[in-house]
Participant: 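Please see the structure below; I have some questions.
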Amino acid sequence: MHRYWSKQIETLDPYIPGEQPQDQQYIKLNTNESPYPPSPTVAEALKTFPSESLRRYPDPESGQLVTALAEYHDVDPKQVFVGNGSDEVLAHAFQAFFRQDYPILFPDISYSFYPVYCRLYQIEYRQPALDQSFRINIQDYASANGGIIIPNPNAPTGIALETGALRELLADNPESVVIIDEAYVDYGAESAVQLIPEFPNLLVVQTFSKSRGLAGLRLGFALGQENLIEALQRVKNSFNSYPIDSLTSSVALASIADEDYFQQCCKQVIASRDRLSAALHQLGFEVFPSSSNFVFVRHAEVTAETLYHELKSTGILVRHFKKTRIDSYLRISIGSDPECDALITALHKILA
Ligand SMILES: Cc1ncc(COP(=O)(O)O)c(C=O)c1O
């Protein structure tokens with residue numbers, strides 16, 4: 001027991017984010033950031049932001065941003081919650097919905113922050129195993145539970161569930177809140193947002209960190225029926241009244257306004273992903289069908305750990321998870337075409 005620490009802190013096992021080296025010498029394919037800068041409208045909003053307005057607190061309700069997100073997703077503003085990155089939105093959702101009599105459920109291979117929130121909020125959990133081909137079996141979620149969270153597409157596999165499967169999951173679990181974490185949905189998966197009018201137990205969480213190229217801004221949001229959003233507001237207003245600063249709101253509004261640029265970036269990442277997947281396959285990698293901005297791969301002969309270190313020594317960072325079932329795989333974020341080419345060239349040399 002460390003001096004001054006409360007008892008619970010000793011038992012926490014905090015999340016370890018992917019490496020963020022502060023020098024610029026790496027090609028960073030390890031944390032699923034966008035290879036493209038945010039829209040030029042964002043640069044303009046930053047340039048023209050009235051700095052004198054920073055002496056005021058921001059709007060605690062983030063009204064303008066909430067209205068713009070509601071319009072964009074065709075929901076009511078009362079069905080929108082915004083937070084400091086989707087990590088914060090998820091944390092509030094765990095606290096708001098998942099402290100129940102039964103354990104919550106999420107896949108054995110999924111976003112590694114979920115068990116961290118469970119320990120923080122003392123929530124019991126069970127992790128149904130993905131099948132041999134790393135797919136989620138919806139029937140595994142049909143038992144009594146205190147809530148369900150599934151990333152769609154899943155991370156780090158990149159594999160997506162279709163709307164039919166999500167509908168089945170929601171219908172099978174009317175007593176539980178089901179959170180669909182759509183951090184990567186813009187790269188080809190079907191969003192569950194359209195199911196919100198049908199299912200009062202559905203909360204969809206999205207982020208500006210990936211497809212909008214704004215990981216450094218920290219903005220995430222949740223969409224769901226009013227009753228769920230009200231619960232999130234209660235947690236937020238018991239924690240931090242102002243999670244969204246005025247600069248973030250103004251930048252996010254500028255990003256939402258440039259739909260063409262957003263679509264263009266997503267399209268380009270998808271095209272690069274397909275090209276990279278084919279090249280990796282040719283080099284002897286098993287490549288899972290990805291609907292996200294990363295690929296999950298395993299080489300037939302060389303271990304993931306060796307490849308991770310060899311690539312790092314040539315200045316390319318990818319992600320290797322030292323975890324049961326997935327320690328023989330690498331997760332590689334989709335870079336720009338020149339970055340993907342550099343990766344393929346480096347792998348050719350390593351595997352020669
Ligand atoms: C599945 C998933 N959900 C949520 C997040 C959190 O994203 P952010 O807090 O940047 O919005 C990530 C980040 O990598 C993720 O992979």
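The figures here come from the full heavy-atom set of this structure, side chains too, leaving out hydrogens, waters and symmetry mates. As the structure lists them, so they are numbered: ligands from 1, and atoms in each ligand from 1.
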Participant: Distance under 4.0 Å to a non-hydrogen atom of Lys210: what atoms of ligand 1 satisfy this?
Facilitator: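 Those of ligand 1 that fall under 4.0 Å from Lys210 are 13 (C), 14 (O).
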Participant: Can Asp181 be said to touch ligand 1, with heavy atoms closer than 4.0 Å?
Facilitator: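 Right, Asp181 reaches ligand 1.
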Participant: List every atom of ligand 1 that sits less than 4.0 Å from any heavy atom of Gly85, numbering the atoms from 1 in the order shown and giving each element.
Facilitator: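 In order of number, 9 (O), 11 (O).
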Participant: Below 30° counts as parallel, above 60° as perpendicular, anything between as tilted: where do the rings of Phe113 and Tyr117 land?
Facilitator: parallel
Participant: Using the six-membered ring wherever Trp is involved, compare the ring planes of Phe98 and Phe94 and label them parallel, tilted or perpendicular (cut-offs 30° and 60°).
Facilitator: perpendicular
Participant: Taking non-hydrogen atoms only, is Arg218 closer than 4.0 angstrom to ligand 1 via side chain, backbone, both or neither?
Facilitator: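 For Arg218, only side-chain atoms sit under 4.0 Å from ligand 1.
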Participant: Could Lys236 and Glu88 be called an ion pair, given the rule that one side-chain N must be under 4.0 Å from one carboxylate O?
Facilitator: no
Participant: So, is Asp87 polar-close to ligand 1, with some N/O to N/O distance under 3.5 Å?
Facilitator: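 Yes, at least one N or O pair falls under 3.5 Å.
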Participant: Applying a 4.0 Å heavy-atom criterion (strictly less than), which segment of Ser86 is in contact with ligand 1: side chain, backbone, both, or neither?
Facilitator: both
Participant: Once you restrict to heavy atoms under 4.0 Å, what part of Tyr184 touches ligand 1? Side chain, backbone, both or neither.
Facilitator: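 It is the side chain that gets close, since no backbone atom is under 4.0 Å.
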Participant: Determine the sole option in Lys28, Arg319, Lys312 for which the salt bridge (Lys or Arg N to Asp or Glu O under 4.0 Å) test with Glu19 is passed.
Facilitator: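 Looking at Lys28, Arg319, Lys312, the match for Glu19 under the salt bridge (Lys or Arg N to Asp or Glu O under 4.0 Å) is Lys312.
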Participant: For Tyr329 and His320, I'd like to know if the aromatic rings sit close, meaning centre-to-centre distance below 6.0 Å.
Facilitator: no
Participant: Please write down residue, atom name and distance for the protein heavy atom closest to atom 10 (O) of ligand 1.
Facilitator: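 Answer for atom 10 (O) of ligand 1: Ser209 OG, 2.6 Å.
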Participant: Is any side-chain heavy atom of Tyr261 less than 4.5 Å from a side-chain heavy atom of Pro40?
Facilitator: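 Yes, at least one pair of side-chain atoms sits under 4.5 Å.
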